[in-house]
Amino acid sequence: MEGAQLQNIKGIGDKLSQKIIDELGGEDELNQVIENLDLERLINIEGISQRKAIEIMNQLIGNPAQKFLKSDRAIQLYEEIIEKIVSYSNTSYAKNRILLLAPIKDEEIIEERLNFVMNAKEKVSELPLYELDKLMKHLHEPKQSKPNYDASKAILVESNEDADYLMDLGLNRYYTILTASDSPFFQEELRGYELIYYIYTEGFLDLGDMPNLIMINKDAPIYQLVPEVILDYFKENRDLFERVSKIKGILGEETVLNDIGPIIDELESYKTKEVDLDEIVNNEKRYIDLELKERIQNIDLEGDEVLDLLNNALPPKLQEIFDEILSKSKETIKLESGIDFDPFIRKYPIEIDDMEMERVKTEILSNSENNYFDKKSTAAEQLASIKEDAEREVSDIIKFDYEYALGSFAYLYDLNKPEFADEYDLHQALHLNLCLRERTIKEGIQRVDYKLNEEENIALLTGANSGGKTTLLETISQIAILGQMGLPVPAKTAKIKLLDEIYHFSKKRSLDAGAFESFLNVFMPIVTSDSEKLVLLDELEGITELEAAVKIISSFIEMIEESNSFAIIVTHMANELMKYTDIRVDGIEATGLDENYNLIVDRTPKMNYLAKSTPELIIKRMYNNSPPELKRVYGKILEKF
């Protein structure tokens with residue numbers, strides 16, 4: 001597809017054509033988009049909506065839907081089918097591909113699609129749909145996480161070139177980037193940060209014994225320079241990965257996604273293990289003061305020992321008590337904090353050594369941050385090693401949604417693979433709108449049989465009002481459209497012919513002269529073209545006066561009989577038409593009303609049988625369901641029958 005050809009598509013001018021090619025990266029990429037039906041790439045181009053992208057793609061691939069569907073009602077039935085299938089999709093990937101499904105005549109492609117859908121139906125039939133539906137809902141590609149800027153930490157580099165390199169990587173969105181300086185205040189500035197990541201090229205900076213420093217080689221992978229780059233990505237998409245992991249489990253497929261949760265949880269649990277040193281030390285101070293008070297009250301001091309106290313020296317007896325209590329407290333603090341130090345000054349009440357506490361806190365923070373960074377680096381490395389596989393698994397499940405949607409539609413509607421022949425022979429067919437009801441309501445829903453062949457390629461369909469004639473026509477249309485879309489059909493078995501066109505005209509009432517002329521402009525090409533077609537006409541006698549309608553329809557019948565096309569005409573003027581042409585007449589007849597005044601009808605037409613419309617049964621039902629004043633009116637009408 002060249003740019004010049006793209007411009008020829010309706011609704012695309014020079015400017016939009018060039019924009020599409022530029023955004024996609026050239027004409028080769030455009031061809032790739034067409035080959036892969038990659039609607040998403042078109043939709044992602046600014047100014048192109050989903051509807052516009054579908055229109056463009058349909059024209060790019062030569063989608064034949066409009067060539068096959070030749071009337072408004074046929075198009076409407078096709079769109080209703082698409083809508084039903086789309087309702088089972090959970091992703092834009094599946095939805096967009098369903099929207100591009102169209103009737104075709106290439107039997108090889110149709111068979112390929114049918115086999116794909118029937119395999120999907122069998123697969124879906126063995127899956128826990130309720131659980132899977134919840135997991136599949138709103139699936140999407142993994143999202144990029146937003147950087148969480150931390151002003152308490154900084155990155156130190158040796159040169160402006162190194163700073164530019166890290167800024168190009170976007171690391172300045174996580175931490176401030178500092179370039180080494182000869183300023184005497186520079187090290188003091190560095191000490192103002194909780195942690196400094198020294199990302200070095202040569203490692204020549206002499207930073208003394210700074211405890212808040214971590215050294216990392218500039219050539220390390222980005223997730224080792226700033227582990228948050230990969231960690232935040234996996235945290236952002238954790239729910240998605242967990243759902244895909246469960247789906248993979250249901251499908252019996254291996255997955256790397258089960259490793260993600262434990263890695264993140266272990267890292268989070270390490271961070272929450274931080275201890276409150278002030279609380280531990282203050283608790284011990286209270287214990288020491290109480291213990292000292294109780295022990296000292298029971299000691300007798302001699303004269304020399306009292307003089308030692310006056311000279312600020314602890315007598316041996318008191319020294320022993322202090323040593324014992326403080327030694328025990330030191331062990332307790334070490335046990336609770338993991339740090340071996342003595343934070344107390346030997347006085348009564350005991351005092352906390354603030355300088356020692358600050359020294360230890362700084363050391364703890366440095367050790368903790370260093371250890372935590374090591375943990376983060378390890379976790380990031382583990383997650384980075386499975387990132388590609390994780391994304392591939394998500395992509396696979398998103399693509400599976402297309403199969404899942406088609407399989408669910410075929411399974412829940414109980415659709416079956418048709419056979420292609422030179423006839424229409426339907427057994428146990430059912431309108432799509434009744435298929436789901438049949439799964440729960442068995443009574444009152446009747447499947448139907450019907451047949452047209454090369455010898456009898458056209459029939460009149462007569463019979464009861466509300467007897468199912470319109471429903472039968474729509475069922476046949478649905479089966480014809482679905483079959484040529486390469487999808488299974490709502491019938492237990494079906495033979496259908498692959499045709500060029502389908503016309504479905506629904507009931508028309510009292511057309512004026514202009515509307516009648518418009519109808520003829522649409523109707524006449526049916527019999528003047530050489531294409532093979534299926535024509536379904538539903539009570540067209542209202543198009544004009546009865547005599548003219550009979551002449552038009554009888555002429556149409558004669559021309560269809562001599563073609564390779566098929567037609568069914570629902571009519572209440574079969575007697576009049578039979579005077580002008582020799583045609584098969586089928587009938588759906590009501591035999592009465594049940595206890596609830598519903599029509600009792602065998603909805604499978606009787607072949608070669610002229611059925612009555614039985615309006616008296618409808619009037620009788622209205623009579624029984626009406627208030628007294630209307631009953632009198634309907635009663636008088638019934639007397640006429």
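Keep in mind that what you see is a predicted model, and the values were worked out from it rather than measured.
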>> Minimum heavy-atom separation for Lys533 and Leu499, please, with both atom names.
In response: C-CD1, 3.6 Å
>> So Phe556 and Ile526, do their side chains get closer than 4.5 Å, heavy atoms only?
In response: yes
>> Any carboxylate oxygen within less than 4.0 angstrom of a Lys/Arg side-chain nitrogen, looking at Lys137 and Asp133?
In response: no
>> Tell me whether Glu80 is salt-bridged to Arg73, with the criterion being a basic N under 4.0 Å from an acidic carboxylate O.
In response: yes
> Is the backbone of Tyr503 close enough, under 3.5 Å, to the side chain of Ser71 for a donor and an acceptor to pair up by distance?
Replying inline: no
>> Do the side chains of Asp500 and Lys105 get close enough for a salt bridge, i.e. N-O under 4.0 angstrom?
In response: yes
> Between the side chain of Arg584 and the main-chain N/O of Ala459, is any donor-acceptor distance below 3.5 Å?
Replying inline: no
> Does Arg439 make a cation-pi contact with Tyr411, if we ask for NZ or CZ under 6.0 Å from the ring centre and within 45° of the axis?
Replying inline: yes
> Mind checking whether Phe409 and Tyr88 have parallel, tilted or perpendicular rings, split at 30° and 60°?
Replying inline: tilted
> When you measure from the side chain of Thr604 to the backbone N and O of Asp449, does any donor-acceptor pair fall under 3.5 Å?
Replying inline: yes
>> Looking at Ser554 and Lys551, would you say the former's side chain and the latter's main chain have a donor-acceptor pair under 3.5 Å?
In response: yes
> Do Lys417 and Glu111 meet the salt-bridge criterion of a basic N to acidic O distance under 4.0 Å?
Replying inline: yes
> At their closest point, which heavy atom of Pro418 faces which heavy atom of Leu487, and how far apart are they?
Replying inline: CD-O, 4.3 Å
> Should the pair Lys492-Asp414 be classified as a salt bridge under the 4.0 Å nitrogen-to-oxygen rule?
Replying inline: yes
>> Keeping Ser477 on the side-chain end and Glu474 on the backbone end, is there a donor-acceptor pair under 3.5 Å?
In response: no
>> Could you tell me if Tyr404 and Asn90 have a donor-acceptor pair between their side chains, going purely by distance under 3.5 Å?
In response: no
> Which pairs count as side chain to side chain donor-acceptor pair (under 3.5 Å) when at least one residue sits in residues 244-253, sequence neighbours excluded?
Replying inline: Ser245-Asn258, Lys248-Glu253
>> Does this structure show an ion pair linking Arg97 with Glu40, if we count only N-O contacts that are shorter than 4.0 Å?
In response: yes
> Mind checking what makes side-chain contact (heavy atoms from CB on, under 4.5 Å) contact with Ala53, not counting sequence neighbours?
Replying inline: Leu39, Leu42, Ile43, Ile48
